[in-house]
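In what follows, a structure is listed as structure tokens, so that the remarks can point back to it.
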Amino acid sequence: MSATLAYGVTADNVPLTRMLIQRRELRPDDVEIAIAYCGVCHSDAHMAHNDWKTSIYPMVPGHEIVGHVTAVGSAVTSHAVGDAVAVGCMVDSCLRCAACADHEEQHCENGAVGTYNSRERDTGKPTAGGYSQRIVVREHFVLSMPSSLDLRHAAPLLCAGITLWSPLRRFDAGPGKRVAIVGLGGLGHMGVKLASALGAEVTMITTSPSKGEDAKALGAHHVLLSTDPEAMTAAASRFDLIIDTIPVTHDVGPYVGLVARNGKIVVVGAIEVLAPIHAGMLLRNHRSLVGSAIGGLAATQEMLNFCAEHQVLPNCEVIAMQDINTAWARMQANDVRYRFVIDMSTLAA
């Protein structure tokens, strides 16, 4: 074990503070990474505040990690010292079950291991995330960063990016498809960028005219104000695919009515109980209401390569580690356009 400087919380009602954590020594299939940047996700605050009643303390958040390899285990073949790499929301799974065989490690039937607030499969020790100087991760769960991606802004691709990429790819967003994104936040702005880059006709659905203008600047072709009853009625049955990124409990009914025949509405933002929906809304047009989380390792690497080819990057505000508590407060007040990224070189300051 070796000590590593980090920022974390010791309980559900305290600010993040500097702490020392222990990282394991390299196993044969491990990669050690010096973390350059770590994205800040709404999930970090939810977990730290124990909103989902699953929190393990002390906790070091962070599952949007980019950096460089500093050491590798004796059996590692896919990464070398100096490589630019990334780690997302998972650091392990069984790699034997049907889900893992289908490259959907996030759905591991024996339980995927989260990058933080989870437990190692063999030791049961809590995992600690990317608000730290370095991390040790099993080779299979370390992704290659294309050289053309700017590391300062790439970190949120490891959660926000793959969360939107996964349903967009699964449901064939592309030329000839009418795609709508509900909500222009950290997730929604990536949905607009990715759907546009894939060649779909993209509509932003929002309550805010100003965010509609932002969405057009990000690549949206149209804006639909959900507060305009006439516009919503006119848009009935228009969209082949709707991605709902709203992060809190809400009524999905008005959005279901916008789904075209055999179309889908995909919930990616709310990990909460949703308001009831009338089943007749689903029966009409053979609509589907589905959920989607992140993607597996193969899908995430595909997404990184696509973003490098098309230069799709999140809009980020880079902060010092010492500003993290202020950033969390701003994030929870929706005062960021659209993601915070921590410059980890500031951690030791």
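All figures in this text were calculated on a predicted structure; none of them were measured in a lab.
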ring-ring contact (aromatic ring centres under 6.0 Å, His included) contacts in which one or both residues fall within [range], not counting sequence neighbours:
{"range": "residues 15-37", "answer": "none"}
{"range": "residues 120-146", "answer": "none"}
{"range": "residues 306-349", "answer": "His49-Trp328, Trp165-Phe306, His189-Tyr338, Phe306-His310"}

For this session: State which residues pass ring-ring contact (aromatic ring centres under 6.0 Å, His included) with His153; sequence neighbours excluded, sorted by chain then number.
Result: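 With neighbours one apart ignored, the set is empty.
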
Exercise. Between Arg170 and Ser166, is any pair of side-chain heavy atoms under 4.5 Å apart?
Worked result: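 Side chain of Arg170 against side chain of Ser166, heavy atoms only: contact under 4.5 Å found.
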
Problem set entry | Ser237 and Arg287, any side-chain heavy atoms less than 4.5 Å apart |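 Arg287 reaches Ser237 side chain to side chain.
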
Residue pairs passing the salt bridge (charged side-chain N to carboxylate O under 4.0 Å, His left out) test where at least one lies in [range], sequence neighbours excluded:
{"range": "residues 185-194", "value": "none"}
{"range": "residues 200-212", "value": "none"}
{"range": "residues 136-158", "value": "Asp29-Arg138, Asp92-Arg138, Asp150-Arg152"}
{"range": "residues 336-349", "value": "Glu64-Arg339, Asp214-Arg337"}

Exercise. To which residues is Ile205 joined in a hydrophobic cluster, defined by side-chain heavy-atom contacts under 4.5 Å among Ile, Leu, Val, Met, Phe, Trp and Tyr, whether direct or through other members?
Worked result: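 Answer for Ile205: Val182, Leu224, Met232, Phe239, Ile242, Ile246, Val248, Val252, Tyr255, Val256, Leu258, Val259, Ile265, Val267, Leu274, Ile277, Met281, Leu282, Leu289.
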
Exercise. Given a cutoff of under 4.5 Å between side-chain heavy atoms of I, L, V, M, F, W and Y, with clusters grown through shared members, what are the other residues clustered with Val136?
Worked result: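 The other cluster members (ILVMFWY side chains, heavy atoms under 4.5 Å, direct or chained) are Leu26.
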
Problem set entry | Those residues that, when tested against Asp122, pass side-chain hydrogen bond (donor to acceptor under 3.5 Å, both in side chains) (two or more places apart) |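 For Asp122 the side-chain hydrogen bond (donor to acceptor under 3.5 Å, both in side chains) partners, ignoring immediate neighbours, are Arg27.
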
With a 3.5 Å cut-off and sequence neighbours excluded, list the donor-acceptor pairs that the side chains of residues 4-20 form with protein atoms.
from: Thr4; atom 1: OG1; to: Arg134; atom 2: NE; distance (Å): 3.3
from: Arg18; atom 1: NH2; to: Ala349; atom 2: O; distance (Å): 3.2

For this session: Please state whether the rings of His46 and Trp52 are parallel, tilted or perpendicular, taking 30° and 60° as the class boundaries.
Result: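 Ring orientation of His46 relative to Trp52: parallel.
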
Problem set entry | Basic-acidic side-chain contact under 4.0 Å: Asp30, Arg24 |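 Salt bridge between Asp30 and Arg24, a charged N being under 4.0 Å from a carboxylate O: yes.
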
